[in-house]
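Ligands are counted one by one from 1 in listed order, and the atoms in each one are counted from 1 as well. In what follows, every heavy atom counts, from backbone to side chain, and hydrogens, waters and symmetry copies are set aside.
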Amino acid sequence: MTAVAVVGSQWGDEGKGKNTDFLSKDASFAVRSNGGNNAGHTIDIDGQEFKMRLIPSGIFAAGKGAVIGNGVVINPEVMFGELANLEKSGIDTSKLRISNRAHIILPYHILQDKYQEEAKGDKKIGTTQNGIGPCYMDKASRIGIRVCDLLEKDTFEEKLRANLKVKNELFTKVYGKPALKFEDIFDQYYEYGQKMKKYVTDTSVLINDALDHNEKVLFEGAQGTMLDIDEGTYPYVTSSNTISGGICSGIGMGANRLNTVIGVCKAYTTRVGEGPFPTELLDEVGDRIRETAHEYGTVTGRPRRVGWFDSVALRHAKRVSGINGLSLNLLDVFSGFDTIKIATAYELDGKKIDYYPASLKELYRCKPVYEELPAWNEDITQVKNYEDLPENAKKFLHRVSELVGVPLVTVSVGPDREQTIVLKNPWEL
Ligand code: IMP
């Protein structure tokens, strides 16, 4: 198949960077189409660790280029910082391509994110405070500044002046904060635009052409299904569509272009920020998983909330994204555990349910119905073939796949590229 998407099927941080890096070596292009530098992908290549937030993980291996699509929101300062880091390590970044329609995160978006969160008090979303939500707000309000606007001096000037007027009213009158000055932003961002120019193109044309010529394209989802603005645990979500449908609008291609959707999950669940989390573990088992798996945010360093594997969430993800292959990461974390739990359904007000309630009040009342499976003692970090895994690990994987109703394609037993067991090649699904 030529168009393969990798999407998060939990609350983000499922280890998608490793999956996309693994798959991109066979791809011509690797594409990001939603979110911004709220994402954090850690990739280990030959013992060297790279932390990617905005640039597609496929920059390391995709043959013809890494693409930032129109659905992404770009913080230029972060982007150039990441590019400089990659170049320092000898990575060729010349094949980066940026959509002329992507929106730019400006300093006022970051401040607005912070002020909004402060004003919400204990009702805060727990955002990454990178200005993601306010940038998408401006896009939907039709006052956003796109890459193509940044490249035209007069357009940028006109839009920035108009936006600052509105933002400064908001900052000074609603939040009681200082106003921003036009001069402090304009020159620096115009320069960013000029520096960006060489990468800018119509990425929809680029990717549709590649697919027309049967080239392999890998789509890298950011965040996860449960953080999707429509299908996640609203309002405790991010501000973009993280499901597979968001890929089509985020690059500009038809829904029928996508052949395969790989849903990535962990052997357990994590969540950063606020919001409901039915299988959350607030005990020493949760602490043990967090410490064993180093569950601390790539972007914020925040300790992640940890819980058991939730098959209700995974079935929801399967339905809304059309997942037809499952990649499970961090199986090695359970070596040495006595048992592992999997939520098979929820109990809501005494009734067993098999769906994700839209109402947060209902969701907070949901109690997971668990199935308990025996774990294993063996260190599995060097296992290369599925057959060589301990019997109990295979039973766990089989049950996960059965409950989700999707075949497993890869299982990860460690952070390195090589520590991946391939059951089916996603490019051949
Ligand atoms: P925002 O995307 O910064 O607006 O944050 C909204 C919510 O999404 C918060 O709960 C964040 O912790 C969460 N979030 C955003 N990006 C990621 C990610 O890449 N991994 C995990 N959580 C994320």
Side-chain angles (χ1 to χ4, degrees), residues 6-20 32-43 50-57 71-75 78 82 103 105 108-120 122-140 220-243 246 250 263-266 268-277 280 290 293-307 310 313 317 329-330 360 363:
V6 170
V7 296
S9 52
Q10 294 165 323
W11 275 279
D13 305 320
E14 298 91 351
K16 295 180 291 297
K18 183 178 168 181
N19 295 80
T20 52
R32 259 197 71 179
S33 45
N34 79 289
N37 60 302
N38 48 349
H41 296 162
T42 308
I43 299 156
F50 293 92
K51 288 192 189 299
M52 311 291 287
R53 295 164 65 182
L54 182 59
I55 311 257
S57 317
V72 175
V73 287
I74 300 176
N75 177 327
V78 169
E82 249 173 54
H103 282 245
I105 298 178
Y108 50 76
H109 291 131
I110 299 167
L111 291 171
Q112 193 176 341
D113 199 353
K114 191 165 161 261
Y115 301 157
Q116 279 177 185
E117 283 285 272
E118 278 169 12
K120 282 191 174 124
D122 63 2
K123 295 265 185 308
K124 72 177 194 292
I125 305 293
T127 73
T128 59
Q129 303 211 355
N130 284 305
I132 307 294
C135 186
Y136 281 116
M137 280 165 71
D138 284 1
K139 175 177 177 175
E220 302 184 5
Q223 291 84 43
T225 307
M226 306 314 285
L227 289 172
D228 182 275
I229 184 128
D230 287 288
E231 306 299 337
T233 47
Y234 191 90
Y236 297 100
V237 293
T238 190
S239 301
S240 64
N241 282 114
T242 62
I243 60 173
V264 186
C265 62
K266 287 176 175 166
Y268 48 91
T269 313
T270 60
R271 163 157 220 181
V272 213
E274 312 303 315
F277 183 177
E280 182 166 17
R290 184 180 304 105
H294 313 292
E295 289 293 357
Y296 292 89
T298 316
V299 176
T300 57
R302 289 182 286 183
R304 294 180 182 141
R305 298 160 65 192
V306 172
D310 181 349
N329 291 334
L330 291 131
L360 280 200
L363 194 47

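- At a heavy-atom distance under 4.0 Å, no atom of Q116 approaches ligand 1.
- The shortest heavy-atom contact between A293 and Y268 is CB-OH, 3.0 Å.
- Residue T127 has no N or O atom closer than 3.5 Å to an N or O atom of ligand 1.
- By the 4.0 Å N-to-carboxylate-O rule, K266 lies too far from E14 to be salt-bridged with it.
- Remark: ligand 1 and D13 share an N or O pair separated by less than 3.5 Å (distance only, no angle test).
- Heavy atoms of A222 stay at 4.0 angstrom or farther from ligand 1.
- Taking distance alone, with nitrogen or oxygen atoms compared against 3.5 Å, R271 stays at or beyond that limit from ligand 1.
- Contact annotation for V237 and ligand 1: only backbone heavy atoms (N, CA, C, O) come within less than 4.0 Å of the ligand.
- Every heavy atom of S239 sits 4.0 Å or more from the atoms of ligand 1.
- Atom numbering of ligand 1 starts at 1 in the shown order; those under 4.0 Å from a heavy atom of Q223 are 15 (C), 16 (N), 17 (C), 18 (C), 19 (O).
- Partners of Q10 under the side-chain hydrogen bond (donor to acceptor under 3.5 Å, both in side chains) rule, at least two apart in sequence or in another chain, do not exist in this structure.
- In this model, no donor atom of one side chain and acceptor atom of the other lie less than 3.5 Å apart for D138 and H103.
- Put simply, the residue from N241, D228, N38, D13 that forms a side-chain hydrogen bond (donor to acceptor under 3.5 Å, both in side chains) with Q223 is N38.
- The distance criterion of under 3.5 Å between nitrogen or oxygen atoms is not met by N130 with respect to ligand 1.
- Under a 4.0 Å criterion applied to the non-hydrogen atoms of R302, ligand 1 contributes the atoms 12 (O).
- Looking only at atom types and distance, the side chain of R290 has no donor-acceptor partner in the side chain of T270 under 3.5 Å away.
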Test I105 against I74 for side-chain contact (heavy atoms from CB on, under 4.5 Å), laying out the working first.
CA-CA 6 Å; I105 298 178; I74 300 176; over 6 Å; no

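- Against a heavy-atom cut-off of under 4.0 Å, W11 is close to the following atoms of ligand 1: 21 (C), 22 (N).
- Here the shortest heavy-atom distance to atom 14 (N) of ligand 1, taken over L227, I229, T238, belongs to L227.
- With hydrogens and angles disregarded, a donor-acceptor distance shorter than 3.5 Å links the side chain of E82 to the backbone of I55.
- For ligand 1 and I125, the ligand atoms under 4.0 Å from any heavy atom of the residue are 10 (O).
- Under 4.0 angstrom from ligand 1, the non-hydrogen atoms of V272 come from both its backbone and its side chain.
- Residue T128 has at least one N or O atom closer than 3.5 Å to an N or O atom of ligand 1.
- The ligand atoms of ligand 1 that sit less than 4.0 angstrom from a heavy atom of G126 are 9 (C), 10 (O), 11 (C), 12 (O).
- A salt bridge links E295 to R304: one of the charged nitrogens lies within less than 4.0 Å of a carboxylate oxygen.
- Residues E274 and K124 are paired through a salt bridge, judged by an N-O separation under 4.0 Å between the basic side chain and the carboxylate.
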